[in-house]
Amino acid sequence: MEAIVLAGGFGTRLKGCIDNIPKPLAPIDGKPFLCLLLDYLYANGVHRAVISTGYLAEKVEEAIGNRYRGMTIEYSVEDTPLGTGGGIKKALKMCTDDDVIVCNGDSYFDVNLFEMKKFHEESGCEITLAAKFIENAYRSGLLEFSHGRLRGFTENGIAPSGYINGGVYFMKRTLLESVTENKFSFEKEILANKKYSIGIYESDGYFIDIGIPESYKLAQKEKDKLISSRVRYAIFLDRDGTINKDTVHLFRTEDFEFLPYADKAIAALKEKGYLVIVITNQAGVAKGLYREEDVHILHSHIDNLLIRNHSVIPDGYYYCPHHTEAVVEKYRIECPCRKPNPGLILKAVEDFEKTGIHISLKNSFTIGNRLSDILAGKNAGVEYNILIGNDEKDESGVASQVFGSLYDAVNNIKQVF
């Protein structure tokens, strides 16, 4: 999934609470609010985000960079303020999905985006808006809707409670192409325009808008609620011989070469909604052939190639540098992480659990070109373990399936959402 984050506001009402930084970078327990929002999007299956910036745009880019966890990040910069509609219109030109998530950079609404996407697709609406029921709604305009369709808005102060616009949308990527203006309000010109079909998705997820000092202070107090908890499925992917040509103890970036269509397979897995986690034995470290630093450099190189060609990156790299016959003494151990042991997979599950992402091993896959890859998956409790290539034969029948390549295997894996 792709998302646009509107992060170009001035934050005028937060003067005195934050200074010299854009509102989305307002710190919550030392962490920029925008990072918490990106954590939410990532937990909910977003693999690429376009951040729409304006005021102090360079500070946003400096804080976030071009990758965040398992997401690639790009920027749509407004040289002059374009309004919410103009900002969305410009950012949509950078998107490729048929339906794109749009959210405000100064509010957090813990909507289950997997379920909302399904609702949006089944509704056939051009836009789906996430609605939140609140008490004490006198300061807010409320939504009027029936049978899951928006009918209109009420003025502020009309009712003590009701549903508000939560600032999270799914919308058709091409929706604004016919709008001739480049500067306009999304709320006034699009949401209030009855020519558009707008669905309402009700959610009881945690909601907060940090736009005023009182709510910003509340967000700091309720920081533990700003963590989205989701169940995700993962592909635990071997590296050498699976995604790239195995040159034996590969570590030089200039020697790296994707196997045919392996990069496209990784992109397809991300688009299908899986976490892609690379797990690899790196005995060359133990043998003194290269350093752990070289492993990290190579993995960064893989990221850069995938960003350049497909705007995706893997969600993590886990490697074992140990071997019982190591030349370098500190690596000479019997390691529970070395495949066929399950340690790398279990460590990844543990790490993701800490961030609110619960990996369901029952619905996950291990893919590799050697039986040790398959056995690592089975030993960890992974349900589906796929052997690819011709390096080893599955004479004992331990693999769930056998395919000629990673690309072939991925074509037979269903979409998550």
Side-chain angles (χ1 to χ4, degrees), residues 1-6 37-38 40-50 70-72 84-85 88-89 91-104 109-133 143 145-151 163-179 186-187 190-191 193-205 207 228-235 267-276 310-312 357 360 363 410-417:
M1 286 192 281
E2 290 180 313
I4 293 170
V5 181
L6 301 176
L37 185 56
L38 291 174
Y40 156 74
L41 292 173
Y42 178 61
N44 281 267
V46 172
H47 68 269
R48 179 173 178 262
V50 177
M71 291 191 295
T72 57
T84 51
I88 294 170
K89 180 183 175 181
L92 281 172
K93 295 176 182 178
M94 301 175 64
C95 297
T96 58
D97 286 356
D98 290 337
D99 295 286
V100 179
I101 301 155
V102 178
C103 60
N104 294 324
F109 191 7
D110 192 9
V111 180
N112 188 317
L113 294 179
F114 295 104
E115 294 179 358
M116 186 177 174
K117 183 175 189 287
K118 182 179 179 182
F119 176 92
H120 172 69
E121 291 174 340
E122 291 177 350
S123 74
C125 288
E126 296 166 291
I127 304 170
T128 296
L129 178 158
K132 172 69 175 179
F133 183 86
L143 303 172
F145 62 95
S146 61
H147 306 292
R149 296 292 187 274
L150 180 67
R151 303 303 177 199
Y163 284 89
I164 63 169
N165 178 357
V168 177
Y169 315 92
F170 269 93
M171 60 185 297
K172 298 296 181 185
R173 174 173 50 85
T174 57
L175 181 68
L176 302 183
E177 289 180 355
S178 61
V179 178
F186 181 70
E187 294 78 9
I190 306 300
L191 296 183
N193 191 331
K194 294 188 181 299
K195 82 171 187 178
Y196 296 104
S197 59
I198 301 174
I200 298 295
Y201 179 80
E202 301 173 43
S203 173
D204 60 359
F207 173 84
S228 187
S229 180
R230 296 287 183 267
V231 175
R232 297 288 305 277
Y233 307 155
I235 307 292
L269 287 171
K270 296 283 287 190
E271 290 166 3
K272 289 182 178 185
Y274 290 91
L275 298 168
V276 177
H310 303 287
S311 293
V312 300
I357 296 176
S360 169
N363 296 287
V410 169
N411 282 338
N412 285 272
I413 295 177
K414 67 179 182 179
Q415 188 141 337
V416 172
F417 51 81

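Here the structure is a predicted model, which is why all the values come from computation and not from measurement.
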Separation of [Y] [atom2] from [X] [atom1] (nearest 0.5 Å):
{"X": "Ile127", "Y": "Tyr196", "atom1": "CD1", "atom2": "OH", "value": "7.5 Å"}
{"X": "Asn104", "Y": "Phe186", "atom1": "CG", "atom2": "CZ", "value": "9.5 Å"}
{"X": "His147", "Y": "Ile200", "atom1": "NE2", "atom2": "CD1", "value": "13.5 Å"}
{"X": "Leu113", "Y": "Lys118", "atom1": "CG", "atom2": "NZ", "value": "15.0 Å"}

Is there a side-chain contact between [X] and [Y], using heavy atoms and a 4.5 Å cut-off?
{"X": "Phe114", "Y": "Met1", "value": "yes"}
{"X": "Phe170", "Y": "Leu129", "value": "no"}
{"X": "Leu37", "Y": "Cys103", "value": "yes"}
{"X": "Leu143", "Y": "Ile164", "value": "no"}
{"X": "Ile198", "Y": "Thr128", "value": "no"}

Problem - CA sep, side-chain torsions, deciding dist, call: Ile235, Leu275, side chain to side chain contact (heavy atoms under 4.5 Å, CB included) - result: CA-CA 6 Å; Ile235 307 292; Leu275 298 168; over 6 Å; no
Minimum heavy-atom distance between [X] and [Y], given as atom pair plus value:
{"X": "Leu150", "Y": "Phe145", "answer": "CA-CB, 3.9 Å"}
{"X": "Leu269", "Y": "Val276", "answer": "CB-CG2, 3.7 Å"}
{"X": "Val111", "Y": "Tyr201", "answer": "CG1-CE2, 3.6 Å"}
{"X": "Thr84", "Y": "Glu187", "answer": "OG1-OE1, 2.8 Å"}
{"X": "Leu38", "Y": "Met71", "answer": "O-CE, 3.4 Å"}
{"X": "Lys272", "Y": "Val410", "answer": "NZ-O, 2.8 Å"}

Exercise for the section: Go through the steps for Leu176 and Ile190 under the test side chain to side chain contact (heavy atoms under 4.5 Å, CB included), then give the verdict. Expected result: CA-CA 9 Å; Leu176 302 183; Ile190 306 300; 3.7 Å; yes
Just by distance, do the side chain of [X] and the backbone of [Y] share a donor-acceptor pair under 3.5 Å?
{"X": "Lys172", "Y": "Cys125", "result": "no"}
{"X": "Glu126", "Y": "Ser197", "result": "yes"}
{"X": "Thr72", "Y": "Ser311", "result": "yes"}
{"X": "His310", "Y": "Ala267", "result": "no"}
{"X": "Arg173", "Y": "Met94", "result": "no"}
{"X": "Lys132", "Y": "Ser203", "result": "no"}
{"X": "Lys89", "Y": "Val179", "result": "yes"}
{"X": "Tyr274", "Y": "Ile413", "result": "no"}

Practice task
Evaluate side chain to side chain contact (heavy atoms under 4.5 Å, CB included) for Leu92 paired with Met171, printing each intermediate quantity in order.
Solution key: CA-CA 10 Å; Leu92 281 172; Met171 60 185 297; 4.0 Å; yes
Problem - Crowding at CG, Asp204 (>12 non-hydrogen neighbours, <6.0 Å) - result: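 No.
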Problem - Cationic N near anionic O, under 4.0 Å, Arg48 to Glu2 - result: yes
Handout entry: Short N-O contact, Lys117 and Asp97, less than 4.0 angstrom
Key = no
Exercise for the section: Could you verify whether a donor N or O on one side chain and an acceptor N or O on the other, from Asn44 and Ser228, lie under 3.5 Å apart? Expected result: yes
Exercise for the section: Decide whether Ser146 and Arg151 meet the rule of one side-chain donor and one side-chain acceptor closer than 3.5 Å. Expected result: yes
Exercise for the section: Let me see the working for Tyr42 and Ile357 under side chain to side chain contact (heavy atoms under 4.5 Å, CB included), right down to the final yes or no. Expected result: CA-CA 9 Å; Tyr42 178 61; Ile357 296 176; 3.8 Å; yes
